[in-house]
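Fair warning: this is a prediction, and the values are worked out from it, not measured in the lab.
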Amino acid sequence: MSDTIIYFDGCTTFGNAAGTVQVELQANMLDPVPSGGVEVRSEVTARLRCSSAAARQLIEALQRAVAMAEDPGSGSSPAKN
């Protein structure tokens, strides 16, 4: 099985359609320009579609992961939700 890693800088749009939760994930891309500088553009990197129950499970997992990240000395290891 090959896993896909999704990187994103923010959630640009969200909503629902017929009870399905929808969230667009966006990342900033850096493009070189002829003058030697960099131009920043934004692109959608993923579109999440799920049930309300799955969204609640994702929210819980993210909250727990953020709590682990904010307390690196806790010795917390990855956990199964």
Side-chain angles (χ1 to χ4, degrees):
M1 180 170 135
S2 176
D3 294 332
T4 301
I5 297 173
I6 300 170
Y7 178 84
F8 66 101
D9 293 306
C11 301
T12 57
T13 310
F14 61 90
N16 73 75
T20 300
V21 174
Q22 301 183 351
V23 181
E24 309 292 311
L25 304 179
Q26 158 276 319
N28 296 325
M29 310 293 189
L30 304 178
D31 295 325
V33 293
S35 65
V38 174
E39 186 176 272
V40 180
R41 66 183 164 85
S42 177
E43 277 208 20
V44 171
T45 56
R47 293 174 171 88
L48 299 179
R49 303 292 185 261
C50 60
S51 66
S52 294
R56 283 189 203 92
Q57 201 172 22
L58 177 60
I59 290 165
E60 180 184 350
L62 289 171
Q63 287 173 331
R64 292 172 66 189
V66 168
M68 287 178 182
E70 290 174 344
D71 186 14
S74 69
S76 297
S77 58
K80 185 171 167 98
N81 200 8

Check residues 20-27 and write down every donor-acceptor pair under 3.5 Å in which the side-chain atom is one partner and the other belongs to a residue at least two apart or another chain.
{"from": "Glu24", "atom 1": "OE1", "to": "Arg47", "atom 2": "NE", "distance (Å)": "3.0"}
{"from": "Glu24", "atom 1": "OE2", "to": "Arg49", "atom 2": "NH1", "distance (Å)": "3.1"}
{"from": "Glu24", "atom 1": "OE2", "to": "Arg49", "atom 2": "NH2", "distance (Å)": "2.8"}
{"from": "Gln26", "atom 1": "NE2", "to": "Asn28", "atom 2": "OD1", "distance (Å)": "2.8"}
{"from": "Gln26", "atom 1": "NE2", "to": "Ser42", "atom 2": "OG", "distance (Å)": "3.2"}

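- Under 4.0 Å is where a charged nitrogen must lie from a carboxylate oxygen, and between Glu43 and Arg41 at least one such pair does.
- In this structure, Ala54 and Ser51 approach most closely via the heavy-atom pair N-OG, 3.1 Å.
- Screening residues 5-17 for side-chain hydrogen bond (donor to acceptor under 3.5 Å, both in side chains), with sequence neighbours left out, gives Tyr7-Asp9.
- When hydrophobic clusters are built by joining Ile, Leu, Val, Met, Phe, Trp and Tyr residues whose side-chain heavy atoms come closer than 4.5 Å, directly or via intermediates, Val33 is not grouped with Met29.
- Of all heavy-atom pairs spanning Gly19 and Ser52, the tightest one is O-OG, 4.2 Å.
- Classification of Glu60 and Arg64 as a salt-bridged pair holds, one side-chain N sitting under 4.0 Å from a carboxylate O.
- Side-chain heavy atoms closer than 4.5 Å link hydrophobic residues (I, L, V, M, F, W, Y) into clusters, and following such links, even through other members, never connects Leu30 to Val44.
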